[in-house]
Protein chains: 2
Amino acid sequence: MTIGIAGANLPALRSHNDAVVLDLMRTSSAIDEGGFSRVEIAARTGLTPQAVSKILGRLREEGVVEEAGRGASTGGKPRTLMRLVRGARYAVGVHIDRDELTVLLADLADPPGMPTVARTVAFNLGAHPEAALARVIEEARATMLGVEGLVLGVGVACPGPLDHKAGVLHRVTHHAEWDGFPLRDVLAQRLGLPVVLDKDTNAAVLAVLGDVRSANCAYLHLGTGLGAGLVLDGTLYRGSRSGAGEFGHQVVQLDGPVCACGSRGCLEALCLAALGARDVVGAAHLLGIGAANLLRLLDIDRVVLGGRAVLAEPERYVREVGAVLSERLQDPARDTVPVTLVPGGARAVADGAAELVLAPATRTSLPGRVGSSPPTA
Amino acid sequence: MTIGIAGANLPALRSHNDAVVLDLMRTSSAIDEGGFSRVEIAARTGLTPQAVSKILGRLREEGVVEEAGRGASTGGKPRTLMRLVRGARYAVGVHIDRDELTVLLADLADPPGMPTVARTVAFNLGAHPEAALARVIEEARATMLGVEGLVLGVGVACPGPLDHKAGVLHRVTHHAEWDGFPLRDVLAQRLGLPVVLDKDTNAAVLAVLGDVRSANCAYLHLGTGLGAGLVLDGTLYRGSRSGAGEFGHQVVQLDGPVCACGSRGCLEALCLAALGARDVVGAAHLLGIGAANLLRLLDIDRVVLGGRAVLAEPERYVREVGAVLSERLQDPARDTVPVTLVPGGARAVADGAAELVLAPATRTSLPGRVGSSPPTA
DNA sequence: TGAACTTTGGCAACAGTGTTGCTTAAGTAT
DNA sequence: ATACTTAAGCAACACTGTTGCCAAAGTTCA
């Protein structure tokens, strides 16, 4: 049993460095057009050029990277450029929503959130688990058609609450059989692939993170509810019981109306009430106040908005939230925190679901902990 | 320039594993009374027993660990126990407050927060920097007397705001010369030792973390102001500009009184108003509501209270905050979040300041967790 | 009492990592 | 042409944790 911080060995060191190089190539833009040179990779990772050569040699043998011509000379021999091979490795992203199912295939060679074929079909999460499950598996299999052997895993994003570590759903719907349903392991077994399960807001913030690298970033989702996905110190933050991100149930009005959660004056309740009165500006203003609270507490450097309510009138929300933040957080030393829309709109969650698989593979994690592996790997 | 996640090499691997073992021995309690066996360390770190032998051999040569007898047999040869050597390495913890200066010497062999000689003297942070600085140096030198060569570094905790990365103070006091003062580098040069600078609340939460290992922990400080120190995923969270922890300026009453920060109805303003009216229960209740907001957002598993106001009536605060949390966060799946007092009381910040030095030394730092499976088919 | 078993932990050989020193390749500058 | 500069690979290397083996030091049981 490994408790606390784990020791590392040579294979771990190698995987880590491989992942560091892959991550750089996938999420950063190269200086030279068309690819990364060994010299550039070395400078940006702290690895020696020779080490980079060896790592790229390994990755080339695996078919993940390839040569991509030469760069301009900087006074001597021009650099040999390398790039990720398209079609070498994939991940499947699945967004299970209450009334929709979106499935897409993401190429490891593409930067996160790259346009791909995404298929959205009607869906009923309230249905019997077995029927819904069959639907998910059918769509996932169809998406993987022809590249089955190259798929690293399947990322699944659902409305919460759920348990990321155990891969189990909690009260997603009123259907009793869904409560405690081991969705991750069941899917892993039936698909024969590693599966990662997470909340939709967490997936969305990963999609954002791929778009713009930011160490501390919050995704605020205003739809049927109000939730958040948090990236802190460059990593998705889930909290002790996968429960982080309950942004909507912060009290902002001590004597406000009683909320279903038991508190009074929850931000979500006030926001939804404003929306019910078609007061978009009011809702956006409230969202801004909640965002200000969050920024004060966590010193975030980027806020991203999404969710059906936001996407219905995106400019208004961005403007109003930005206004509240710059009014309330004026600090000469502190740059204004940019407020943007979630890239890819409604598809962001499925993009991020694929990132649940790709980001650990190119960043860091423990062997076999990337999700639940199917029996006999 | 190393951007993003850094690559690692063999020396990094070694110091990581050394640190993993030191951290375990310093912060965990051993199964066998009196020390840690190689077998136990191996099991808890994931390292092989032979690797642990080599690591302990290195640490023994450096004089940091020593043999400590044998444990009971578990059916065969009894285990040889090892322990940290007292008096081998130290760190100095400095707590600079507005009217007090506390300095102590922490032994690497002691668990964090262990009673040590701590010296508290009157101090005036509002004075001229040079005079204050001389006072700090004088006290630090006196504390290190006789063990100078064994001190790993000096941790300095101040009231915020400040810049941890740059080691620079910001507006700690009205004295203009303090603003932007490079306290860390000046102290490092004059003392000839590495210096780490951080906010007092951050130091306090480190002291807590040493006492009880908790992955996600919040320290709430109610004194002249209201702030928080956050440990998230086992690491001190500072935010993008060392600004995280502004817990007091969350809006909890949209139409509340205007606060100096520009918002209305800040928790801090309401709390201090309650205290001004000698309404301790009211202040504690408000603190509880703020804590509930924080727990909802971050899914923390431990709340620790401190600060002069809390320490004046500790039981009341613990009881009232605990009551609010269990009332508002009742969730059958979620255990009750324990609310406790900061260990060591007023000395906690100085203890934590020493931890600013010791924790990185024993918890370094292969970037992120290591060992992912690279995308091999 | 003694033989068999179990567990610990060191030694030696090993596999595999990134590093270093040097050589070769392929440009630019003079 | 010639000299210089930069890139990238090869070979030897230093050092990591791993593996196989064995001695030491207990317990268990006939």
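Quick caveat, the model's predicted, so the values are computed rather than measured. Below, each value reflects all heavy atoms present in this structure, side chains not excepted, and no hydrogens, waters or symmetry copies. Residue numbers begin at 1 in each chain, while the letters A, B, ... track the order of the sequences.
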Revision key, fill the gap. A:Leu10 atom CG is separated from C:dG18 atom C1', nearest whole Å, by 10 Å
Point to revise | N-O pairing of B:Arg83 and B:Glu67 below 4.0 Å | key: no
Exercise for review: Flag the pair B:Glu66 and B:Arg86 as a salt bridge only when some basic side-chain nitrogen lies within less than 4.0 angstrom of an acidic carboxylate oxygen.
Suggested key: no
Review point. Would B:Arg89 and B:Asp107 pass as an ion pair if we require N to O under 4.0 Å?
Key: no
Practice item. Using whole Å, report how far CG of A:Leu47 lies from P of C:dT17. Key: 14 Å
**Study point:** Rounded distance (Å) that lies between atom P of C:dT19 and atom CG of B:Leu13
**Key:** 12 Å
Check your understanding: With respect to the side chain of B:Arg38, which nucleotide from D:dT16, C:dG9, D:dA8 is positioned closest?
Key -> C:dG9
Practice item. Please check the phosphate of C:dG10 (OP1 and OP2 only) for any side-chain N or O of B:Ser53 closer than 4.0 Å. Key: yes
Review point. Between A:Asn9 and D:dT18, does any side-chain N or O lie under 4.0 Å from OP1 or OP2?
Key: yes
Practice item. Inspect the contact between B:Arg238 and B:Asp198 and indicate whether a charged nitrogen and a carboxylate oxygen are less than 4.0 angstrom apart. Key: yes
Practice item. For DNA chain C, determine which residues of residues 62-80 of chain B have any heavy atom closer than 4.0 angstrom to one of its atoms, and list them numerically. Key: B:Thr74, B:Gly75, B:Gly76, B:Lys77, B:Pro78, B:Arg79, B:Thr80
Practice item. Check the pair A:Met82 / A:Ser37 against side-chain contact (heavy atoms from CB on, under 4.5 Å), numbers first and verdict last. Key: CA-CA 6 Å; A:Met82 307 289 286; A:Ser37 67; over 6 Å; no
**Study point:** Between P of C:dG10 and CZ of B:Arg58, the distance in whole Å
**Key:** 14 Å
**Study point:** N/O donor-acceptor pair under 3.5 Å between A:Ser242 side chain and A:His164 backbone
**Key:** yes
Exercise for review: Take the protein atom CD1 of A:Ile41 and the nucleotide atom P of D:dT6, then report the distance between them rounded to whole Å.
Suggested key: 20 Å
Check your understanding: Tell me: CG of A:Leu56 to C1' of C:dG18, nearest whole Å?
Key -> 14 Å
Review point. Expressed in angstrom and rounded to an integer, what is the separation of A:Glu40 atom CD from D:dA8 atom C1'?
Key: 16 Å
Check your understanding: For B:Leu56, does its backbone N or O pair with a side-chain atom of B:Arg38 as donor and acceptor, under 3.5 Å?
Key -> no
Check your understanding: Under 4.0 Å between a side-chain N/O of B:Asn17 and OP1 or OP2 of D:dG17, yes or no?
Key -> yes
Review point. Got a salt bridge between B:Glu40 and B:Arg44, using NZ or NE/NH1/NH2 to carboxylate O under 4.0 Å?
Key: yes
What does the list of N/O pairs under 3.5 Å between the protein and nucleotides 1-3 of chain D look like, with a distance for each?
none

Check your understanding: Minimum heavy-atom separation for A:Ala42 to A:Thr48, with atom names?
Key -> CB-C, 4.1 Å
Check your understanding: B:Lys54 or B:Ser37: which one's nearest nucleotide on DNA chain C is closer to the 5' end?
Key -> B:Ser37
Study note, to complete from the structure: Rounded to whole Å, CD1 of B:Ile55 lies from P of C:dG9 at a distance of 15 Å
Revision key, fill the gap. Of A:Gln50 and B:Arg14, the one whose closest nucleotide on DNA chain D sits nearer the 5' end is A:Gln50
